[in-house]
Amino acid sequence: MLQIYNTLTRQKEYFRPLHEGHVGMYVCGPTVYGDAHLGHARPAITFDLLYRYLQHLGYKVRYVRNITDVGHLEHDADEGEDKIAKKARLEQLEPMEVVQYYTNRYHRDMELLNVLPPSIEPHASGHIIEQMAFVQKILDHGYAYVSNGSVYMDVEKYAKDFPYGKLSGRNLEDIKTETRELDGQAEKKHSYDFALWKKASPEHIMHWPSPWSEGFPGWHMECSAMGTKYLGEEFDIHGGGMDLMFPHHEAEIAQSCAALGHDTVHYWMHNNMITIAGKKMGKSYNNFITLEQFFRGEHSLLTKPFSPMTIRFFILMAHYRSTVDFSSAALEAAEKGFARLQEAYQRLQKLQATAGATTTDAASVLAEKCAEAMDDDLNSPIVISLLFDSAKRINSVFDGKETIAAEELEQLRKVWQTYAIDILGLQLEGASAGGDEAQTQALHGAVDMLLNMRLEAKRNKDWGTSDKIRNELTALGFNIKDTKDGFEWTL
Ligand code: ZN
């Protein structure tokens, strides 16, 4: 039975969904004002693993991952320019052009990483009315106040009735000392009060009318409003990166309790952070590497390009609650490891059962151990090490050193399909082990296209074109075989 670590209770708990057979899951998505980087890849892959595993267990999962396109200011303490609006100003674009552009690029990167799309992907800007209604509820319950057109959470008042800071393990005193004194705080009662609605300054380009002012919702509000809209006032899982625990998730809890009188989320899950060559990721360290730069090898810290599958595999090689340190050397090692799995998988497809071999329980034991590891708070590194053990056996049979019975071979293929491909989401089918999948795909597409053109030429009795395509591909090292359904080729 699946156990997951609940950040709120600080222990592993058996997962019991609110509604039998169904799971509601919310994960904080990206603020779309720049290209996705490793910090985006890790939560996306972590919760993709959970999403895949829950479905494997037979649950019907409603997975909501939002797009933040308004209200996320440069400083989490409600100050500075809106991140999207700033980019729009610098690039002389409509804010929604910025949002669309980076959302498209985010989707492309996620697809390359084989991250499944969520069931619902709501935009904050599309849920202003829901957010206003949520703010109004908090005001009605007396846990917020209006000041100069903005609405702030009255944290001190809230903390008298509910435990503020319970998720991150902070108390109000810690929070008081942590909160920076910034401009505009004169309108707050206390520095740690956070904005539920902000009055827009004249230069602020994204704003909506509200009972309090022409303005925009506070960043934390969107997840409270959209989470409850699509998953109900109580739902199963809320996830995100550890960096979101405070203030973002703590604020979400406060907003829910203040508006609804109770907690919304049953299991809070957080993935740990990524460092690059031992350092925190950040623009000031010049180690802020986007996913595209990884895929193309275009950064001074990278020795070569790394395929999306190498990145995915490397992230899954660590447990999601451990830190991961990225370096070119570590990625090169992961690339080699992935190539070994890929080779074993491809050999597994070609293996022939040995006549007369007795069936062992190796494949069923492997399946059991993989399930046990996944049930233990998604222990993907154990699953990967089990697959490496299994690869040794596959290679040994492939080399004729061991035998395998038909039944066991079939079971083994099923285990690899389930755990390596369906659950870990590794694309092991690719033709060139350890190569760049994107390039391989492009190559396959191009050669298929040329050979389809050749088929058409043949149908039109255009022998000149048909021969030219064949001869030139052959000269480039392709072996082309005509078959009754069309063609086959190898390089
Ligand atoms: Zn959020």
Side-chain angles (χ1 to χ4, degrees), residues 6-8 24-34 36-37 39-48 50-51 62-78 82-84 99 102-103 106 110 115 118-128 130-135 138 153 164-168 194-198 216-260 263-273 320:
N6 191 344
T7 316
L8 191 63
M25 163 171 154
Y26 188 96
V27 173
C28 293
T31 303
V32 282
Y33 70 105
H37 49 75
H40 293 103
R42 197 165 191 203
I45 290 171
T46 298
F47 294 102
D48 185 55
L50 177 63
Y51 182 40
R62 183 178 296 163
Y63 176 15
V64 182
R65 190 186 65 207
N66 67 300
I67 294 282
T68 296
D69 58 358
V70 67
H72 195 175
L73 305 186
E74 283 183 297
H75 308 289
D76 285 349
D78 301 333
D82 182 293
K83 291 180 176 183
I84 310 278
V99 167
Y102 287 110
T103 303
Y106 177 75
M110 291 305 116
V115 167
S119 337
I120 306 178
E121 193 174 50
H123 285 232
S125 66
H127 297 77
I128 301 293
E130 288 84 349
Q131 295 184 72
M132 277 167 39
F134 217 98
V135 174
I138 299 175
M153 186 81 184
Y164 185 61
K166 65 178 175 178
L167 181 69
S168 56
F194 55 89
L196 304 177
W197 184 266
K198 284 278 273 185
F216 57 93
W219 170 41
H220 315 306
M221 189 44 73
E222 60 178 279
C223 293
S224 289
M226 299 191 291
T228 51
K229 175 176 169 104
Y230 295 111
L231 299 171
E233 290 192 357
E234 272 186 69
F235 59 86
D236 299 299
I237 298 169
H238 192 317
M242 243 169 68
D243 53 333
L244 293 178
M245 213 165 6
F246 188 87
H248 187 55
H249 291 160
E250 204 75 74
E252 271 188 55
I253 293 178
Q255 289 170 164
S256 297
C257 291
L260 311 167
D263 266 342
T264 305
V265 176
H266 282 208
Y267 303 89
W268 280 95
M269 292 177 75
H270 293 93
N271 63 274
N272 211 322
M273 305 313 290
Y320 75 91

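Both ligands and their constituent atoms are indexed starting at 1 by order of listing. Because only heavy atoms are used, hydrogens play no part in the values below, and waters and symmetry mates are left out as well, while side chains stay in.
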According to ring-ring contact (aromatic ring centres under 6.0 Å, His included), who are the partners of His248, at least two apart in sequence or on a separate chain?
Trp219, His220

Anything protein N/O/S under 2.8 Å from the Zn ion (ligand 1)? Just list residue and atom, please.
Cys28 SG, Cys223 SG, His248 NE2

Apply salt bridge (Lys or Arg N to Asp or Glu O under 4.0 Å) to Lys198 and Asp82, showing your working.
CA-CA 11 Å; Lys198 284 278 273 185; Asp82 182 293; over 6 Å; no

Tell me every residue that passes ring-ring contact (aromatic ring centres under 6.0 Å, His included) with His238, counting only those two or more places apart in sequence or in another chain.
Tyr26, His249, Trp268

Expected output: side-chain Gln131 to main-chain Ala124 donor-acceptor under 3.5 Å
yes

Strictly distance-based, threshold 3.5 Å: is any side-chain N or O of Asn66 a donor or acceptor partner for the main-chain N or O of Pro122?
no

Among all residues two or more places apart in sequence or in another chain, which pass the ring-ring contact (aromatic ring centres under 6.0 Å, His included) test with Tyr106?
none

